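Notes follow the structure.
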Amino acid sequence: MYTLALETSCDETSAAVIEDGRHIRSNIISTQVPIHRKFGGVVPEIASRQHIEYVMPIIKEALDTAKVSLDDIDHIGVTYGPGLVGALLVGVAAAKAISFAADKPLVGVNHMEGHIFANFLSHPELEPPFLALVVSGGHTQLVQINDYNSFKLMGQTRDDAAGEAFDKIARVMGYPYPGGPQIEKLAKDGNPDAIEFPKALHERHNFEFSFSGLKSAVLNYLHTQEQRGESYNAADVAASFQKTVVETLVEKTMDAASYSKAKKIVLAGGVSANGCLSDAMQEACEKKGYAFYRPDPILCTDNGAMIGCRAYYMAQAGRFADLTLNAKPALPITGE
Ligand code: KG4
Ligand code: ZN
């Protein structure tokens, strides 16, 4: 069975062909990061225009690389939310057009569910149930994955996402978008205990997150140093900030794991590329006897393959969409 999948929710245009749900035949990703970098973040209108230009050539490349034709494809999966509305619409329109013209069933995929399913591509042995921590540029969520089509959201961020905090702090410190990898690199030379930043909502069994207070505390620290005419050690700021985020994510995940009696912990989303986070999560899991999984680096950030994997399991459950499928910028996790 072959799935053709499209992903255009933010600043990556991607198409993939997946065989039998878990085997990547092709995963073509065209990133717009260099285009948005000069603006310090993603410009939605530019993102939509770039998707329009790239979506058809990327689909063709995905089919060619997989050495399959459209005739071989069994169904088409596409991200329809959450994300930037104009960007999502490009993928949804392309998928609907192909579905109609080639008479192939359509599957509407939730981007965050796709991030979690990236783990099934990297770990052939992984099966539900497990607890997933999804950390991306737009979301921070703890999700119980009970089965391939049964999920329960345990908690999410009330304000900024973890990746957003990385990006904003990096920008103020003068580093280019996306800030996460820049902060991680900088933090390697810093002292994580140099500055104490606050942790929010750290009471037991509180599975919500809040990173806006931490972000403001870091920005205040930088401004205060500047106003006093004093320099700051950028590596120490990066390391101390990163440590606070990582500790918060690990503590809440461990609390949620014991609360939900999970035995396996799965990391997902762009921020799961962070080595400090995955090392700390792995160590915490080893102490508690939980198995730990995260996607291969290329599958941590946005890609079509993860959407294809999610689409396959939806198709198995008969969860197809019709041609009224529309972009849903604030789509919640739905799989219950
Ligand atoms: O999942 P993703 O590719 O896009 C969204 O769906 O948002 O995540 C992008 C986010 C950005 O905020 C980026 O700074 C962050 O993931 N990120 C990282 C790292 N690599 C990417 N954050 C921390 N450390 C990293 N190594
Ligand atoms: Zn994403």
Side-chain angles (χ1 to χ4, degrees), residues 5-14 16 27 29-33 36-37 40-42 44 47 78-84 87-88 91 109-119 132-141 143 156-157 160-173 175-188 190 192 209 211 214-215 218 238-239 241-246 248-250 266-281 294-307 309-310 329-331 333:
L6 308 184
E7 157 60 38
T8 66
S9 68
C10 190
D11 58 348
E12 262 95 30
T13 317
S14 183
N27 186 26
I29 306 167
S30 165
T31 181
Q32 304 174 6
V33 162
H36 297 286
R37 189 167 274 155
V42 179
V78 63
T79 306
Y80 74 110
L84 302 169
L88 289 164
V109 174
N110 179 310
H111 180 79
M112 306 314 292
E113 295 173 8
H115 270 303
I116 296 168
F117 276 57
N119 281 281
L133 172 69
V134 200
V135 266
S136 74
H139 295 81
T140 305
Q141 300 176 324
V143 190
Q156 58 186 333
T157 185
D160 290 359
E164 201 175 348
F166 272 93
D167 293 339
K168 284 186 182 162
I169 286 161
R171 183 157 80 180
V172 170
M173 288 169 76
Y175 293 94
Y177 171 84
Q182 306 284 337
I183 296 277
E184 181 177 14
K185 206 155 72 182
L186 196 59
K188 288 200 166 76
F209 300 86
F211 291 108
L214 168 62
K215 180 192 69 187
V218 177
F241 159 73
Q242 182 175 259
K243 179 191 146 191
T244 311
V245 174
V246 166
T248 303
L249 293 172
V250 172
V266 161
L267 208 52
V271 183
S272 56
N274 185 285
C276 181
L277 172 61
S278 63
D279 289 352
M281 195 69 83
R294 74 155 172 163
D296 294 320
I298 189 66
L299 298 175
C300 285
T301 44
D302 294 349
N303 65 88
M306 68 187 197
I307 303 304
C309 179
R310 177 69 194 116
L331 182 70
I333 287 243

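Quick caveat, the model's predicted, so the values are computed rather than measured. The first residue of the sequence shown is numbered 1, and numbering continues consecutively from there. Order of listing sets the numbers, starting from 1, for every ligand and every atom in it.
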Counting only heavy atoms not in Ile298, do more than 12 sit closer than 6.0 Å to its CD1 atom?
no
Tyr80: partners by ring-ring contact (aromatic ring centres under 6.0 Å, His included), with sequence neighbours left out
none
What lies under 2.8 Å from the Zn ion (ligand 2), restricted to protein N/O/S atoms, is His111 NE2, His115 NE2, Asp302 OD1
Among all protein non-hydrogen atoms, which one is nearest to atom 24 (N) of ligand 1, and what is the separation to 0.1 Å?
Asn274 ND2, 3.0 Å
Examine distances only and state if a side-chain atom of Asp11 and a backbone atom of Val42 form a donor-acceptor pair shorter than 3.5 Å.
no
With respect to Val135, which candidate in Val245, Val271, Thr157 satisfies the side-chain contact (heavy atoms from CB on, under 4.5 Å) definition?
Val271
Heavy-atom contacts under 4.0 Å between His111 and ligand 1: side chain, backbone, both, or neither?
side chain
What are the atoms of ligand 1, with element, lying closer than 4.0 Å to any heavy atom of Gly138?
7 (O)
Counting non-hydrogen protein atoms only, what is the nearest one to atom 26 (N) of ligand 1? Give residue, atom name and distance.
Glu184 OE1, 2.7 Å
Can you list everything that forms a ring-ring contact (aromatic ring centres under 6.0 Å, His included) with His139? Sequence neighbours excluded, please.
none
In Å, rounded to the nearest 0.5 Å, how long is the span from NZ of Lys185 to CD1 of Ile183?
11.5 Å
Part of Asp167 within contact of ligand 1 (heavy atoms, under 4.0 Å)
side chain
Do any pairs count as a side chain to side chain donor-acceptor pair (under 3.5 Å) and have a residue in residues 294-306, sequence neighbours left out, and if so which ones?
His111-Asp302, His115-Asp302, Ser122-Asp296
Is the backbone of Ile116 close enough, under 3.5 Å, to the side chain of Asn119 for a donor and an acceptor to pair up by distance?
yes
Where is the nearest protein heavy atom to atom 15 (C) of ligand 1: which residue, which atom, and how far?
Val271 CG2, 3.9 Å
Using side chain to side chain contact (heavy atoms under 4.5 Å, CB included), reason through Phe166 and Gln242 one step at a time and then give a plain yes or no.
CA-CA 8 Å; Phe166 272 93; Gln242 182 175 259; 4.1 Å; yes
Quick one: do Ser9 and Glu7 satisfy side-chain hydrogen bond (donor to acceptor under 3.5 Å, both in side chains)? Show the steps, please.
CA-CA 6 Å; Ser9 68; Glu7 157 60 38; 2.7 Å; yes
Can you name the atoms of ligand 1, numbered from 1 with element, that are less than 4.0 Å from a heavy atom of Gly163?
12 (O)
If you take the nearest heavy atom of each of Asp302, Asn303, Thr31, which one is closest to atom 2 (P) of ligand 1?
Asp302
Measure the distance from atom 22 (N) of ligand 1 to every protein heavy atom, then report the residue, atom name and distance (to 0.1 Å) of the closest one.
Gly180 CA, 3.3 Å
Thr301 heavy atoms within 4.0 Å reach ligand 1 at atoms 3 (O)
Run the contact test for Pro181 against ligand 1 with a 4.0 Å cut-off on heavy atoms, strictly below, and give the result.
yes
Taking only heavy atoms of Gly137, which atoms of ligand 1 are found under 4.0 Å from at least one of them?
5 (C), 7 (O), 8 (O), 9 (C), 10 (C), 12 (O)
Quick one: does Cys300 get an N or O within less than 3.5 Å of an N or O on ligand 1?
no
Closest protein heavy atom (residue, atom, distance) for atom 17 (N) of ligand 1
Gly270 O, 3.6 Å
Ligand 1 to His115 polar contact by distance, N or O atoms, under 3.5 Å
yes
